[in-house]
Structure formats: structure tokens, C-alpha cells
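What follows is a set of notes on a single structure, which appears directly below.
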Amino acid sequence: MTTIDTEELKALFARIAVAMAHEKDRLCELDGVIGDADHGIAMELGFAAAAKAVSELDSAAADPTLVFNTAAKSFLNAVGASSGPLYATALMRAGAVAKGKTALNDGDIVDIVSAFAKGIQDRGKAEIGEKTMVDAWVPAAAACRAARDQGLSLAQCLIAALQAGEAGAEATKDMIAAKGRSSRLGDRALGYIDPGAASAVIVISCLKDQFTSE
Ligand code: ADP
Ligand code: MG
């Protein structure tokens, strides 16, 4: 059983911020094809702001809920694009899962992945098949939960989440967008991965790397 405290969560946000900075150009290129080419900028700015704000919290005094809520607020303030409120809601929901806990365990992380998916769905009202980040997050959360129910380790749960998220993101290539900016393109968006689904895979990959490293 892993124990995940505020220090570990700070490291997670730092890891995501670094990954988004690396992938910024690729995400902007994907968004350039079917949107307005800013998704990489939004995700980099959002997670850089979140990582900085949580790094400034006093680890001895800040519980995991405060870490997630601080990240949510900074993400929302930093990002003007539609991904801002979607991830801010996801992060607030993660904060709610952590409520009253001084540290998180394996089951809490599985619950947080579910809360992310549910929060994004509740906020954006997108269903599976509408070519959004939901197409990566929802199958990832389901696979993570299924692996947990089979008694697998957190590492195996997150590997399952990543594989399902990658498959879900890949499947957006064959979808016509029904939500967000790219819905105006109709079938011209066919053949291209949704940028939000691609960045969801990056976040899930960071969760996997962070919690399989011990
Ligand atoms: P914007 O479209 O405002 O420029 P971004 O470029 O940051 O915002 O994010 C675009 C991504 O947001 C899309 O690729 C899609 O995955 C996601 N998205 C847009 N609208 C929704 C929605 N209603 N529900 C879920 N995800 C959405
Ligand atoms: Mg955009």
C-alpha cells in the first residue's frame, strides 16, 4: 500500500507541468488542425500555475484537499480556454475525495481518477463518442476501477488506465466532434486526434509514472 502525502502530490503536479511543457507544441499542432491551436499553451500555463501554487504550500500544514483545491483555483485563473473550467472542476472533485485525509492510499487514487472523469463530464456535458477529453478520461477511469476491483496493485490499475486512455484518445480520430470548438468542422475533423484527449493521456501517464516509481 502506497501512502501519498502532500509532498508526493506536489511532485505529481511538478511532473505534469514538465510533461505539458514538453508536449506543448504537439498539443498546439493537434488543436491547430481542429481548433484554435492554443491547447498546448492552455495546458502548459494551467499546470505550471498549479504546480507553482502548490509548491508554495507548507507541506506540514496543507492536507491533500488543500493541494487539489489550490491547484484548481490556479488552473482556472491561468487558463482562459474551455479546458480551464473542465480541469478546475476535475481538481476540485479530487479535493472532495481527499477531504478529511492527511494522506491518500491506493484506493483514494483510483477514486480520484474516477472523480476527474466524472467532474469533466458533469462540467462539459460531453458523452463518449463526441470527440473530447471525455473519450480518454472515461474509459481510463473505468479500466482503473475494474483493475482495482480485481485486486490489482495501484501500479497495475494506472497502467490499465493509461492503456484505456490511449485507446480512447486514438479512437477520437474516427469521431466527428459534437462539443467544443471543433464541432463547427463537421466531418473535416475526421482523421485527427482530439487535443484534449491527447493531453488527458499525458496527465494519466504522469499519474502512472508518479505512483509506480517506488
Ligand atoms: P478551447 O477549445 O476553448 O480553445 P482548449 O483548446 O484548451 O480550449 O481545449 C480544447 C479541448 O477541450 C478539446 O480538444 C476537447 O477535448 C475539450 N473540450 C471542449 N469542450 C468540451 C466539453 N464540453 N466537454 C469535455 N471536453 C471538452
Ligand atoms: Mg483551443
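Numbering of ligands and ligand atoms starts at 1, following listing order. Bear in mind the structure is a predicted one, so any value in this text is a computation, not a measurement.
Atom 23 (N) of ligand 1 has Gly124 O, 2.9 Å as its closest protein atom, hydrogens excluded (heavy atom only). Protein heavy atom closest to atom 24 (N) of ligand 1, with residue, atom name and distance, is Ala126 CB, 3.5 Å. Remark: minimum distance from atom 10 (C) of ligand 1 to any protein heavy atom is reached at His39 ND1, 3.9 Å. Counting only heavy atoms of the protein, atom 12 (O) of ligand 1 lies nearest to Met133 CE, 3.8 Å.
Each salt bridge (Lys or Arg N to Asp or Glu O under 4.0 Å) pair with one or both residues in residues 131-145, not counting sequence neighbours, appears once here: Asp111-Arg145.
Judged by distance alone, the side chain of Asp31 and the main-chain N or O of Asp38 form a donor-acceptor pair under 3.5 Å. The closest donor-acceptor contact from the side chain of Glu130 to the backbone of Glu127 lies under 3.5 Å. In this structure, the side chain of Glu8 does not engage the main chain of Asp5 through any donor-acceptor pair within 3.5 Å. No donor-acceptor pair closer than 3.5 Å links the side chain of Thr172 to the backbone N or O of Met175.
Annotation: Ser83 places an N or O atom under 3.5 Å from an N or O atom of ligand 1; distance criterion only. Taking any N or O of Asp31, backbone or side chain, at least one lies under 3.5 Å from an N or O belonging to ligand 1. An N or O contact shorter than 3.5 Å links Gly196 to ligand 1 by distance.
If you look at the Mg ion (ligand 2), the protein N, O or S atoms less than 2.8 Å from it are Asp31 OD2, Asp36 OD1, Asp38 OD1.
Evaluation of the salt bridge (Lys or Arg N to Asp or Glu O under 4.0 Å) rule for Glu166 yields no partner, not counting sequence neighbours. Scanning for salt bridge (Lys or Arg N to Asp or Glu O under 4.0 Å) contacts around Lys101 gives Asp108, with sequence neighbours left out.
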Verdict with supporting geometry, Arg26 and Glu23, salt bridge (charged side-chain N to carboxylate O under 4.0 Å, His left out): CA-CA 5 Å; Arg26 181 173 72 90; Glu23 304 270 12; 2.8 Å; yes
Pair Lys99-Asp63, salt bridge (charged side-chain N to carboxylate O under 4.0 Å, His left out): steps then yes or no: CA-CA 9 Å; Lys99 198 153 181 60; Asp63 63 9; over 6 Å; no
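None of Ser83, Ser82, Pro195 except one satisfies the side-chain contact (heavy atoms from CB on, under 4.5 Å) rule with Met133; the exception is Ser83.
By the criterion of a heavy-atom distance under 4.0 Å, both the backbone and the side chain of Thr132 are placed next to ligand 1.
Considering Thr172, Asp194, Asp122, Val79 only, the shortest heavy-atom separation from atom 14 (O) of ligand 1 involves Asp194. Remark: among candidates Ala198, Ala136, Ser82, the nearest residue to atom 3 (O) of ligand 1 is Ser82, based on non-hydrogen atoms.
Distances from ligand 1 to the non-hydrogen atoms of Pro195 include at least one value under 4.0 Å. Residue contact annotation: Lys125 has no non-hydrogen atom under 4.0 Å from ligand 1.
Heavy-atom contacts of Ala42 reach the following atoms of ligand 1: 7 (O) (cutoff under 4.0 Å). Listed by atom number, the atoms of ligand 1 under 4.0 Å from Leu86 heavy atoms are 18 (N), 21 (C), 25 (C), 26 (N), 27 (C).
Closest approach of Leu57 to Ala62, counting heavy atoms only: CB-CB, 3.9 Å. Pairing each heavy atom of Gly196 with each of His39, the nearest pair is CA-NE2, 3.6 Å.
Under 4.0 Å is where a charged nitrogen must lie from a carboxylate oxygen, and between Lys173 and Asp194 no such pair does.
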